[in-house]
Amino acid sequence: KISHKMVQPTLKSNLEIIIPIGNISNGDTKTRLSSNLNNIQRKNLTVWLLNHVVNIAYNGLSQLNMNPNITILSNTYPKSRFDYISHIYSMKNQIHIQCLGNSLNDSLQQYIGLSHNVNKLILPADLGMITIDDIVNCIKKSGDFKTPVIAKATKDNGTNGLLLPLGNDFIFKFGENSFDSHRKILNKYKMINSLGFNNDIDDYSDLLKLIRNNNNIQKIIDIEKKVVIPTNKFEHIGNGINTNCKCHILDLPNDIKLRESKNLIYNNKSIDISIN
């Protein structure tokens with residue numbers, strides 16, 4: 001049994017969890033699944049995965065009595081595109097959102113330059129099997145943020161988690177074989193291995209594994225002609241959203257309508273984005 005008392009909310013244990021994600025609104029997402037799922041299905045899967053990682057991050061930090069400081073880091077949105085992420089995490093949700101750069105590594109490099117005074121845990125947005133205990137174990141391994149911690153993506157030797165203690169300069173190389181590149185940059189580090197950390201959702205075999213792990217995913221796949229987004233409420237988080245679009249006054253494109261969802265794919269209320 002894991003003890004959740006090993007990290008005290010001291011200044012030294014200040015942590016921000018950063019969740020990078022590509023632009024959901026701009027073109028396709030999860031393109032390696034395009035032969036198995038259509039664009040709407042892939043958007044719904046991407047939204048579910050992001051929501052899962054955010055909830056796990058929030059609950060993991062809460063169990064450690066740490067300030068739930070979470071930032072979703074997206075690429076820059078063209079103003080003409082519908083901002084799914086801001087609608088998912090509306091003003092009352094109080095999740096930080098930053099839109100920077102044109103790629104995952106570019107966004108991270110820019111953002112880390114804006115945030116020097118905090119330890120950072122970077123979690124990909126598609127860790128569909130990550131658990132609260134995974135978050136707790138990762139933080140514990142750092143030894144009160146003295147040592148970097150890294151997780152390997154089993155399939156492509158990528159990086160599926162990276163804890164950087166305060167003051168670590170870093171060049172991000174996320175992508176295939178980034179695990180070896182990141183280890184060389186870190187020099188000194190600890191590894192964390194688990195089903196949740198080692199497996200992201202990239203291709204169809206990953207999706208089948210996720211469905212076996214959580215049969216509610218099939219409900220996501222079965223949705224037609226609309227993107228379903230959760231309306232979570234997170235307490236005591238930050239100062240709200242910082243994006244190009246303020247979602248409470250966002251004008252919707254003519255082919256998109258919002259309404260409260262009757263789907264039970266989330267444990268809480270959700271909104272349907274119907275696309276005509």
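Residue numbers count from 1 along this sequence. Computed from a prediction, not measured in an experiment: that's the story for all the values here.
The backbone N or O of L73 lies less than 3.5 Å from no partner atom in the side chain of S107, so there is not a single donor-acceptor pair. Without hydrogens or angle criteria, Q218 side chain to I211 main chain gives no donor-acceptor distance under 3.5 Å. Judged by distance alone, with hydrogens and angles left aside, the side-chain atoms of N137 form a donor-acceptor pair with the main-chain N or O of D133 at under 3.5 Å. The backbone N or O of G22 sits nowhere less than 3.5 Å from a side-chain atom of N75 that would complete a donor-acceptor pair. Side-chain N or O atoms of Q41 include one that pairs as donor or acceptor with a backbone N or O of N38 at under 3.5 Å. Looking at N213, its side chain never comes within 3.5 Å of a backbone N or O of K209 through a donor-acceptor pair.
Taking the side chain to side chain donor-acceptor pair (under 3.5 Å) definition, one finds that K141 meets it with nothing, sequence neighbours left out. In terms of the side chain to side chain contact (heavy atoms under 4.5 Å, CB included) criterion, residue partners of E16 (sequence neighbours excluded) are, by chain and number, I18, N69, T71, Y111, S115, V118. With sequence neighbours excluded, the residues forming a side chain to side chain donor-acceptor pair (under 3.5 Å) with N157 are N177, D180, listed by chain and number.
Atom CG of L108 and atom CZ of F174 lie 6.0 Å apart (nearest 0.5 Å). Considering CG of L210 and CE of M129, their distance stands at 6.0 Å, rounded to 0.5 Å. Distance check, rounded to the nearest 0.5 Å: NE2 of H52 to CD1 of I201 gives 9.0 Å. The CG atom of N39 sits 11.5 Å away from the CG atom of L33 when rounded to the nearest 0.5 Å. Here CD1 of I122 is found 9.0 Å from CG of L163. Values are rounded to the nearest 0.5 Å. Here H182 contributes atom NE2 and L162 contributes atom CG; the two are 6.5 Å apart, rounded to the nearest 0.5 Å.
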- Checking side chain to side chain contact (heavy atoms under 4.5 Å, CB included) for the pair T29/I21: CA distance, chi angles, key distance, verdict? CA-CA 10 Å; T29 182; I21 184 168; over 6 Å; no
- Output, in order, the C-alpha distance, side-chain angles, deciding distance and verdict of side-chain hydrogen bond (donor to acceptor under 3.5 Å, both in side chains) for S103 and N105. CA-CA 6 Å; S103 68; N105 288 311; 5.6 Å; no
- Message: Let's go through I17 and L15 carefully: what are the C-alpha distance in whole Å and the side-chain angles of both, what is the deciding distance for side chain to side chain contact (heavy atoms under 4.5 Å, CB included) to 0.1 Å, and is it a yes or a no?
- Response: CA-CA 7 Å; I17 293 183; L15 176 69; 4.3 Å; yes
- Task: Please assess F170 against L186 for the test side chain to side chain contact (heavy atoms under 4.5 Å, CB included), listing each intermediate value before the final yes or no.
- Result: CA-CA 8 Å; F170 202 78; L186 290 172; 3.5 Å; yes
- Query: Which is it for K219 and W48 under the side chain to side chain contact (heavy atoms under 4.5 Å, CB included) test, yes or no, and what are the steps along the way?
  - Reply: CA-CA 11 Å; K219 296 178 182 177; W48 185 93; over 6 Å; no
- Task: Check step by step if side-chain hydrogen bond (donor to acceptor under 3.5 Å, both in side chains) holds for T131 and D134.
- Result: CA-CA 5 Å; T131 67; D134 288 331; 3.2 Å; yes
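The shortest non-hydrogen separation linking I139 to S142 is O-OG, 2.6 Å. Taking both residues in full, the closest heavy atoms of L121 and C138 are given as CD1-SG, 3.9 Å, listed atom of the first, atom of the second, then distance. Taking all atoms of both residues into account, the shortest heavy-atom contact from P165 to K146 is CG-C, 4.1 Å. Scanning all heavy atoms of the two residues, the minimum distance from S34 to R42 falls at CA-NH1, 3.4 Å. The heavy-atom pair separating L37 from L207 by the smallest distance is CD1-CD2, 3.8 Å.
Counting only residues at least two apart or on different chains, no salt bridge (Lys or Arg N to Asp or Glu O under 4.0 Å) pair has a member in residues 60-73. Residue pairs meeting the salt bridge (Lys or Arg N to Asp or Glu O under 4.0 Å) criterion with at least one member in residues 105-127, sequence neighbours excluded: K30-D126. Judged as a ring-ring contact (aromatic ring centres under 6.0 Å, His included), not a single pair has a partner in residues 187-228 (not counting sequence neighbours).
Around the NZ atom of K155, the shell of radius 6.0 Å holds more than 12 heavy atoms that belong to other residues, nucleotides or ligands.
Here the side chains of I135 and I130 are in contact, with some heavy-atom distance below 4.5 Å. In this structure the side chain of L50 reaches within 4.5 angstrom of the side chain of V54, judged on heavy atoms. Between L45 and I217 the shortest side-chain heavy-atom distance falls below 4.5 Å.
For D206 and R32, the salt-bridge test fails: no basic side-chain N is under 4.0 Å from an acidic carboxylate O.
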